[in-house]
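What follows is a set of notes on a single structure, which appears directly below.
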Amino acid sequence: MLTTRPRGTNDILPGEVEKWRYLEDHMRRICREYGYSEIRTPIFEHTELFLRGVGDTTDIVEKEMYTFIDRGNRSITLRPENTASVVRAYLEDKLYALPQPVKLFYIGPMFRYDRPQAGRFRQFHQFGVEVFGSHDPAVDAEVMAMSMDLYRRLGLSNLELHVNSVGCPQCRPGLIKKLQEYFRPHLNDLCKNCRDRFEKNPLRILDCKETRCGDIGVDAPTTVDCLCTGCSSHFAEVKKNLELMDIAYHEDRRLVRGLDYYTHTAFEIVAPDIGAQSSVGGGGRYNGLVEICGGPSIPGIGFALGMERIILAMQRQGLTFGAAGGTEVFIVTANQAAAGEAVRLLFKIRSAAISADKDYMDRSLKAQMKYAGKTGVGYAVIIGEDEMKQGTALVRNMGLGRQESVPLDEVVSFLKEQGLGK
Ligand SMILES: [Zn+2]
Ligand SMILES: [Zn+2]
């Protein structure tokens with residue numbers, strides 16, 4: 001073998017790919033029902049988009065981006081997430097000129113140079129939604145409702161929706177000041193990350209996973225203590241809308257996002273039974289992001305989930321991924337004379353939108369039947385020597401073990417009567 005696939009990437013093989021299709025089908029369907037349209041942006045962008053749009057103090061930008069200089073001497077980055085790209089497209093393609101709000105969704109691969117671990121890869125896949133143009137707290141609630149509805153449809157249970165408000169540029173400076181006053185005497189006891197965050201991004205100290213930082217921060221002021229009137233009434237409306245839809249939530253005052261362009265709502269969906277890294281999706285409002293990316297002041301809110309983590313969570317909960325997508329019909333032939341008939345009939349069956357296959361390995365009739373059984377087809381169409389003489393085929397229902405003689409010309413309509421080809 002010449003080489004292997006790069007660390008942190010996966011081949012999604014037949015047998016596995018059906019799970020992905022199952023997820024994607026659910027995602028596309030729910031987006032249609034909630035009024036979201038699909039957008040597909042490039043896999044790579046100019047690096048400065050992510051420096052600004054993700055934030056150059058984030059771990060993603062500091063440590064995890066796949067960045068390279070292309071042959072035209074431009075700095076290019078494989079997208080580490082998709083919100084910045086969608087914002088760029090919203091501006092570049094003038095989607096702000098459409099009736100607002102503009103509601104978009106995406107599904108695709110993202111790239112981060114991270115240490116691979118369970119459910120985390122260097123090429124991973126995200127589903128996400130973005131809504132532009134509305135300040136309405138009902139939109140925040142709708143995005144959360146849709147994500148919870150998606151998980152419910154997939155059969156995931158024991159999920160918790162954690163909600164918080166992270167304030168706005170008006171009230172956040174007050175919070176930052178209070179946090180720095182609170183943590184300053186403990187600065188030397190915080191972990192290295194938090195010591196770095198103290199100046200740049202003190203909100204993030206609140207959601208540090210290190211026990212000592214959690215212990216020190218137990219009485220720290222939280223976002224909710226410092227919200228301005230506008231922020232607290234927005235938050236109250238978000239919660240009211242969730243209650244209107246009977247969606248359970250936990251108010252989580254430690255749920256923060258450090259960057260200035262995140263405003264108001266932050267949320268995360270947690271699956272306690274997938275272990276320490278239990279988040280299966282999250283999002284929030286980013287009213288400052290469009291402006292940071294060079295546009296006018298337009299509000300936005302989004303949500304994203306990692307597909308690999310959802311599959312992992314579903315497997316841990318013992319869920320299935322819908323019916324297997326194998327072929328429905330297998331044509332079994334006795335000899336060379338019947339082989340020509342098999343080619344003709346196979347084409348006719350497939351043309352009627354029924355999935356079908358035949359032997360290509362010169363197997364005996366018995367071996368073909370065994371193979372058909374192994375692949376799990378619903379029906380075998382058997383053309384033996386007698387059938388060739390009579391111009392018929394034996395159509396065998398593999399599940400019931402019953403078979404019937406059918407004229408060759410009527411095999412397609414017979415299969416349709418059995419409910420195939422819909
Ligand atoms: Zn505020
Ligand atoms: Zn820490």
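First listed ligand is number 1; within each ligand, the first listed atom is number 1. If you're wondering where the values come from, they're calculated on a predicted model, not measured in any experiment.
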Hey, are R112 and E81 close enough for a salt bridge, meaning a charged N less than 4.0 Å from a carboxylate O?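 Salt bridge flag = no for E81 with R112.
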
Under 4.0 Å between a side-chain nitrogen and a carboxylate oxygen: does that hold for E64 and R115?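 Result for this pair is no, no salt bridge flagged.
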
Could you tell me if the side chain of V86 sits less than 4.5 Å from the side chain of T83, heavy atoms only?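 Heavy-atom side-chain distance check fails, nothing below 4.5 Å.
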
Should V129 and L104 count as side-chain neighbours, where that means a heavy-atom distance under 4.5 Å?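 They are not in contact (no side-chain heavy atoms under 4.5 Å apart), so the answer is no.
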
Got a sec, which pairs hit salt bridge (charged side-chain N to carboxylate O under 4.0 Å, His left out) with one end in residues 240-249, sequence neighbours left out?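 Listed by first then second residue: E237-K240.
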
Would you say the Zn ion (ligand 1) has H264 as a near neighbour, meaning an N/O/S atom of that residue under 2.8 Å away?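 No N, O or S atom of H264 is closer than 2.8 Å to the Zn ion (ligand 1), so no.
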
Give every protein N, O or S atom lying under 2.8 Å from the Zn ion (ligand 2), naming each by residue and atom.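 Checking every protein N, O and S atom gives C191 SG, C194 SG, C208 SG, C213 SG.
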
Flag the pair Y96 / F132 as yes when their ring centroid distance falls below 6.0 Å, and as no otherwise.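 Ring-ring flag for Y96/F132: false, centres at least 6.0 Å apart.
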
Suppose we call two aromatic rings close when their centres sit under 6.0 Å apart. Are Y66 and Y113 close by that rule?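 Yes.
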
Three-point angle C228:SG, the Zn ion (ligand 1), C168:SG, rounded to the nearest 10°: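 Reported to 10°, the angle equals 110°.
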
